[in-house]
Amino acid sequence: LKASTTADSSDLALVPLGLAAQLGISQAVYGNVWAYLERQKDFWGRSFDMPWTGLWNAYRVMIENYTVEQKIFYGFFEITAMFAAFSAAVVISRRQRPSYAVYMVCLLAVISFNSRWTATPRYLLMAFPLFILLAEVARRKAAGLAIMLFFCAAQLYFLTHFFGKPYLGF
């Protein structure tokens with residue numbers, strides 16, 4: 001299963017057209033194309049900023065006086081997920097369709113240009129080219145087994161960690 005590496009301009013245009021459509025919906029509903037950023041600031045204290053600000057803030061969580069849970073979830077996981085996603089985007093740009101690479105760049109820009117990196121692994125669920133890349137890697141039995149064990153262990157950890165937290169609805 002080899003992805004085509006050729007694309008015409010209409011394929012590449014779909015990504016920015018999708019972004020433009022989202023901004024148009026924000027304008028129509030909220031009267032402001034940047035309503036998404038305002039909601040981020042109101043509810044999660046996030047604002048538009050350079051990626052190194054988000055990196056620095058995630059790193060600070062790891063080295064300052066936070067609980068171990070906060071250091072893992074808001075420091076280590078955020079930084080690890082972001083660097084893995086950027087590394088995967090480089091590989092995707094070489095192995096998959098150009099429109100997928102453009103999509104990854106746009107998605108990573110939305111995720112990383114924030115004052116605080118929060119929920120990065122959750123946002124990466126929208127990164128379908130990442131799943132194509134994982135499927136290519138998983139074709140080798142050892143790599144596929146390692147990927148499966150990693151995600152099963154992560155799922156088990158999150159289920160046991162969050163089970164019983166009333167504020168999460170469990």
Side-chain angles (χ1 to χ4, degrees), residues 1-3 15 18-19 22 36-37 39-97 99-170:
L1 204 141
K2 180 157 172 57
V15 176
L19 179 60
Q22 176 60 41
Y36 170 79
L37 294 174
R39 300 306 175 269
Q40 291 281 314
K41 187 174 185 179
D42 292 345
F43 294 106
W44 291 285
R46 294 171 54 167
S47 60
F48 180 79
D49 213 328
M50 300 311 284
W52 50 82
T53 304
L55 172 62
W56 174 248
N57 288 332
Y59 177 70
R60 277 187 33 230
V61 170
M62 291 175 51
I63 63 171
E64 291 181 359
N65 192 24
Y66 288 91
T67 66
V68 172
E69 178 181 343
Q70 290 170 323
K71 289 178 185 224
I72 292 170
F73 283 103
Y74 303 116
F76 179 75
F77 281 169
E78 300 298 331
I79 292 171
T80 303
M82 195 64 80
F83 277 104
F86 275 105
S87 300
V90 171
V91 175
I92 287 166
S93 71
R94 295 180 179 156
R95 297 179 71 176
Q96 295 181 17
R97 299 180 69 173
S99 58
Y100 293 178
V102 171
Y103 175 82
M104 282 297 291
V105 167
C106 290
L107 179 64
L108 289 174
V110 169
I111 296 171
S112 65
F113 278 81
N114 275 293
S115 59
R116 289 180 52 220
W117 289 353
T118 55
T120 302
R122 180 182 57 159
Y123 288 125
L124 290 176
L125 290 174
M126 297 180 288
F128 71 89
L130 187 60
F131 294 104
I132 295 170
L133 179 64
L134 284 173
E136 290 174 2
V137 171
R139 292 179 120 182
R140 294 179 300 232
K141 281 201 180 249
L145 182 61
I147 290 169
M148 183 184 70
L149 289 174
F150 171 77
F151 283 108
C152 285
Q155 183 68 24
L156 183 62
Y157 172 77
F158 289 122
L159 282 174
T160 58
H161 179 77
F162 290 118
F163 188 73
K165 306 261 183 175
Y167 56 87
L168 295 174
F170 292 109

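Values in this document were obtained by computation on a predicted structure and should not be read as measured data. Index from 1, following the sequence.
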Task: Qualifying residues under side chain to side chain donor-acceptor pair (under 3.5 Å), relative to Gln155, sequence neighbours excluded - done: none

Task: Sequence-distant partners of Arg60, side chain to side chain donor-acceptor pair (under 3.5 Å), two or more places apart - done: Asn57, Glu64

Task: Pair listing, salt bridge (Lys or Arg N to Asp or Glu O under 4.0 Å) test, anchored in residues 153-162, at least two apart - done: none

- [ ] Sorted by first residue and then second, give each salt bridge (Lys or Arg N to Asp or Glu O under 4.0 Å) pair with at least one member in residues 146-155; sequence neighbours left out.
- [x] none

Taking only distance into account, with no hydrogens and no angle test, what donor-acceptor pairs under 3.5 Å do side-chain atoms of residues 76-92 form with protein atoms, sequence neighbours excluded?
| unit_1 | atom_1 | unit_2 | atom_2 | d |
| --- | --- | --- | --- | --- |
| Glu78 | OE1 | Ala119 | N | 3.4 |
| Glu78 | OE1 | Thr120 | N | 2.9 |
| Glu78 | OE1 | Thr120 | OG1 | 2.5 |
| Glu78 | OE2 | Ala119 | N | 3.0 |
| Thr80 | OG1 | Phe76 | O | 2.8 |
| Ser87 | OG | Phe83 | O | 2.9 |

- [ ] State, with a plain yes or no, whether a side-chain heavy atom of Phe128 is found less than 4.5 Å away from one of Tyr100.
- [x] yes

Task: Under 3.5 Å: donor-acceptor pair, side chain of Arg46, backbone of Thr118 - done: yes

Task: Test side-chain contact (heavy atoms from CB on, under 4.5 Å) applied to Leu145 - qualifying residues, sequence neighbours left out - done: Met148, Leu149

Under 3.5 Å donor-acceptor pairs involving side-chain atoms of residues 102-116, not counting sequence neighbours:
| unit_1 | atom_1 | unit_2 | atom_2 | d |
| --- | --- | --- | --- | --- |
| Tyr103 | OH | Met126 | O | 2.6 |
| Ser112 | OG | Leu108 | O | 2.7 |
| Asn114 | ND2 | Val110 | O | 3.1 |
| Asn114 | ND2 | Ile111 | O | 3.2 |
| Ser115 | OG | Ser47 | N | 3.0 |
| Ser115 | OG | Ser47 | OG | 3.4 |
| Arg116 | NH1 | Trp44 | O | 2.3 |

Task: Nearest heavy atoms of Lys71 and Ile63, plus distance in Å - done: NZ-C, 4.4 Å

Open item on the list: Restricting to side chain to side chain donor-acceptor pair (under 3.5 Å), what partner residues turn up for Gln70, sequence neighbours left out?
Closed with: Thr67

Task: Side chain proximity check, Glu136 to Arg95, heavy atoms < 4.5 angstrom - done: yes

Open item on the list: Is it the case that over 12 heavy atoms from other parts of the model lie below 6.0 angstrom from the OH atom of Tyr59?
Closed with: no

Task: More than 12 heavy atoms of other groups within 6.0 Å of Asp42 CG - done: yes

- [ ] To the nearest 0.5 angstrom, please state how far the CD1 atom of Ile132 sits from the CZ atom of Arg97.
- [x] 9.5 Å

TODO: Report the C-alpha distance between Val61 and Phe73 in whole Å, list the side-chain angles of each, state the deciding distance to 0.1 Å, and finish with yes or no for side chain to side chain contact (heavy atoms under 4.5 Å, CB included).
DONE: CA-CA 9 Å; Val61 170; Phe73 283 103; over 6 Å; no

TODO: Supply the atom-to-atom distance Trp56 CH2 to Asp49 CG, rounded to the nearest 0.5 angstrom.
DONE: 14.0 Å

Open item on the list: Please report the interatomic distance CD(Glu69) to OH(Tyr74), rounded to the nearest 0.5 Å.
Closed with: 7.0 Å

